[in-house]
Visitor: 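Below you'll find the structure I mean.
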Amino acid sequence: MLDLTYDAPKPKVIAGATGDWELVIGLEVHAQVATAAKLFSGASTQFGAEPNSNVAFVDAGMPGMLPVINEGCVAQAVRTGLGLKAEINLWSAFDRKNYFYPDLPQGYQISQLYHPIVGEGEVLVEMGNGTARLVRIERIHLEQDAGKSIHDMDPAMSFVDLNRTGVALMEIVSRPDIRGPEEAAAYVGKLRQIMRYLGTCDGNMQNGNLRADVNVSVCRPGDYEKYQATQDFSHLGTRCEIKNMNSMRFIQMAIEYEARRQIAILEDGGKVSQETRLYDPDKNETRSMRSKEEAHDYRYFPDPDLLPLEIEQAWVDDIAASLPELPDDKKARFMGDFGLSDYDASVLTAEVANAAYFEKVAEGRDGKLAANWVINELFGRLKKEDHSIEESPVSPDQLGKIVGLITKGDISGKIAKDLFEIIYTEGGDPEEIVEARGMKQVTDTGAIEAAVDAVIAENPAQVEKAKANPKLAGWFVGQVMKATGGKANPAAVNELVTRKLGL
Amino acid sequence: MSIDVDTARRVAKLARIKVEDEALPALAAEFSSILGFIEQLNEVDVEGVEPMTSVTPMRLKRRDDVVTDGNQQAAVLKNAPDAREGFFAVPKVVE
C-alpha cells in the first residue's frame, strides 16, 4: 500500500497593527449516535416525528423512572473510537451535569466528565497541495442530547419538544491543534467522513446531527511552537468558546470574526476574557452569552442511577474486526492500485457509496479512465439533476461496459458520451446498443480512406486553400468525421488527411 | 469549611429553590454541619482502596438497541400546566 506522507500546512496568519497574529483552535464536536433508540430509554431517535411522540417517561424526567443504557450506543462509541485510532477505556462512568433549562426535564444531563469511554486518538486532515494537519483527539464521551425549544410560535410562550431529549451524542474533543478556519471546517468534514464510513453518525448537519463548539484564541508567531514543546497552555492566549454551530461555513466565518475581535482587543491594550459566545450568522458576529456564564456551575457528580460501564476486551476486539476500510486507507489504495491522482482519489473516497461504485466500474479495467468517467460524466450528470449516487440510473456494470468499449477502441470518446446519455435516459446494455445502433468506431483504414478520398474529390477549392494553409486540414477531418457519423477513429483520419493532401 | 449566607443563597438559586432571606442563615448553618461531617470522613485514610460504586457486585444492566417506548404524546403532556399543539408551552425563554 502507498504510504501517504504530508507536510504540515502553514497556520493562518492575520496581520495586525502591531504585527502578525496566529490562531489556535480546538473543537468539541457533538455527533448524534446512529441508533434506533435513545441512550437510556427505548424511545425512537427518528428525526421529524410529531412533537413529544418519541418520548419515554424517563426522557421526560418523570419521578421514579430509571435510565437503562442502550448497548448499541456503547458499541457505536467504541467503533468511532477505533476508527479514530483511539484508546478504548474498558471502564468508564456517567456523571450528572446539573443545570436548568425547559428542554432538559431531568434538571441534569447524563454525561461522562471524569471517565470517558474513549481516550486519546488522532485524525489526519488533508489540506491539499500535499499538506495535512494531524489533529490529536483528547477524548470521546457519551452523553444525552437536550430537547428543542421553539421561540417563534407564540409571542409570550416557548414551545418545547422532547423528541431529541436523551438521544445519544458522542462529544469528540480535540486538542488545540487546528490553526485556521479552513482547517477547522476540514477537520469537521473529516470526522463526518470517518463516522459515515463507520456508520456511527449520519452527519446530517442541517438536522443537527453534527454540531460543533469552537474554542478560539490568538497568539504571536512562535508561541504555539512553545506550547507544543511544553504542552504548557500559558504560552497561548485566552480562549473564547463559540457554541453550537451546525454549518461548515458558519464555523469558518465565526472563527475569522472571533480572531479579529480578540486581536482588536489585544492591540487596544485590553484583555480577552474567557467566556462563552454565540455566533449570529445574520450579522456575522459573535456575542457574549452572559446568562450561560452565570449558570456555569454544573456541580458534576457521579450519577447514582448508573453503575460504571464495564466492557470486555473481547467485545472491543469483535467490533475492531468488523471495521470497514477507512478513508485514509481507501484513498491510499486507490492511488496505489489504480494510479489515481491525490485529488481524484479524494473525490472518489469522500463517500463510501461513491468509492464502492467506482471500484465496480474499475474492476478489471483502466482505473484512471474509470475515475474520469465516474467523476466527470457520472457525478457531473447526477449533480445536474440533484441525484445521489444511489439514485443513479446508470449502474456500475453499465458504466464499466462503456469504459471497456472505449479501452477496446470500439467507440471513440465522443461516441461514448452519446452512449452514456442513451444509457442514462433510456437504459439498456451498452454493448448491445453499440452493435444495434451502429455506433462502433471505424478503425478499418480502407473505409476511412474511402471517406477521405470522397471529401477531397468533392471539394477541390478547399484542397487548394489547404495546400496554401495547412491549418485548414482540420476542416477535412471534420468533414470526414461528419460523413462517418463520428465513428471514424480521429487519429487515423488525421493521419490520412495530412498524407493525402500532401501536407 | 463553613458556608456563609451568600453561598447558601447561590446554592438555592442554582437548585431553583426559593428561599427567603431570613431562612438563609439557618440553611447556611445546616450546610456547614453537613460539610463538617464530610470533612470528618475525609480524615479516613483510603489510600489504595477502590471507590465502592455498588453494594452488590453487579454489572450495569443494558438494553438492546430496539424501539420499545414512546408514541404516548398525551400521557407525556398530561401533567403539563400548559401544552399546545403537542408541545409543552412554557414562559418564554430567549437566549
Side-chain angles (χ1 to χ4, degrees), chain A residues 35-38 40-46 49-60 62 68-76 93 98-103 105 107 147 149-151 153-163 278 289 291-292 295 297 299 302 306-310, chain B residues 1 3 6-19 31 34-35 38 41-42 46 49-95:
Chain A
T35 48
K38 295 184 178 182
F40 294 113
S41 86
S44 168
T45 59
Q46 206 183 0
E50 271 283 291
N52 293 305
S53 60
N54 292 342
V55 181
F57 289 140
V58 64
D59 306 319
M62 294 293 178
V68 179
I69 197 164
N70 178 346
E71 191 160 43
C73 298
V74 181
Q76 292 288 56
N98 298 280
Y99 67 93
F100 282 99
Y101 205 74
D103 58 24
S149 305
I150 302 166
H151 305 294
M153 285 177 71
D154 186 282
M157 311 294 273
S158 288
F159 284 19
V160 180
D161 174 10
L162 300 182
N163 281 348
L278 199 66
M289 292 172 75
S291 56
K292 194 107 187 173
D297 188 347
R299 294 150 294 144
L306 290 159
L307 286 164
L309 174 58
E310 291 177 85
Chain B
M1 183 181 174
I3 299 287
D6 283 342
T7 308
R9 183 182 291 118
R10 181 172 154 70
V11 171
K13 189 180 177 218
L14 284 171
R16 297 297 189 277
I17 293 172
K18 188 177 179 183
V19 179
F31 282 157
I34 292 168
L35 285 179
I38 303 290
L41 289 180
N42 265 341
V46 289
V49 180
E50 254 187 62
M52 186 178 75
T53 47
S54 172
V55 182
T56 51
M58 257 180 75
R59 185 173 185 264
L60 175 66
K61 191 174 150 51
R62 284 120 156 110
R63 66 166 75 237
D64 288 335
D65 181 29
V66 180
V67 175
T68 55
D69 210 337
N71 284 319
Q72 45 173 356
Q73 191 196 59
V76 166
L77 296 171
K78 197 172 172 193
N79 292 334
D82 194 357
R84 300 179 203 176
E85 295 171 60
F87 293 94
F88 290 92
V90 302
K92 197 127 188 140
V93 269
V94 177
E95 190 56 64

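These numbers come from a predicted model, not from an experiment. In what follows, every chain begins at residue 1, and chains take the letters A, B, ... in the order their sequences are listed.
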Visitor: Among B:Ala80, B:Ala15, B:Ala74, which residue has the highest count of heavy-atom pairs closer than 4.5 Å to chain A?
Guide: B:Ala15

Visitor: Does a salt bridge link B:Lys92 with A:Asp154, judged by any charged N lying under 4.0 Å from a carboxylate O?
Guide: no

Visitor: Quick one: of B:Thr68, B:Val90, B:Asn71, B:Asn79, who has the most non-hydrogen atom pairs under 4.5 Å with chain A?
Guide: B:Val90

Visitor: Measure distances from B:Ala75 to the heavy atoms of chain A and classify the residue's part below 4.5 Å as side chain, backbone, both or neither.
Guide: both

Visitor: Looking only at heavy atoms, which two atoms of A:Glu310 and B:Arg59 are closest? And how far apart?
Guide: O-NH2, 4.3 Å

Visitor: Check whether more than 12 heavy atoms from other residues, nucleotides or ligands sit under 6.0 Å from atom CG of B:Asp64, and answer yes or no.
Guide: no

Visitor: Is there a donor-acceptor contact under 3.5 Å from the side chain of B:Gln73 to the main chain of A:Pro51?
Guide: yes

Visitor: Looking only at heavy atoms, what is the nearest atom pair of B:Asp69 and A:Ala56, with distance?
Guide: OD2-CB, 3.2 Å

Visitor: So, B:Gln72 side chain and A:Val55 main chain: donor-acceptor pair closer than 3.5 Å or not?
Guide: yes

Visitor: Applying side-chain contact (heavy atoms from CB on, under 4.5 Å), run through B:Arg84 and A:Met157 and close with a yes or a no.
Guide: CA-CA 10 Å; B:Arg84 300 179 203 176; A:Met157 311 294 273; 3.9 Å; yes

Visitor: For B:Val66, is it the side chain, the backbone, both, or neither that has a heavy atom closer than 4.5 Å to a heavy atom of chain A?
Guide: backbone

Visitor: For A:Phe40 and B:Arg63, which heavy atoms make the closest approach, and how far apart are they?
Guide: O-NH2, 3.5 Å

Visitor: Grab the two heavy atoms, one from B:Phe87 and one from A:Asn52, that are nearest each other, plus how far apart they are.
Guide: CA-ND2, 3.5 Å

Visitor: Between B:Arg62 and A:Leu309, what is the shortest heavy-atom contact and its length?
Guide: NH2-CD1, 3.6 Å

Visitor: Nearest heavy-atom pair of B:Asp65 and A:Thr35: which atoms, and what distance?
Guide: OD2-CB, 3.3 Å

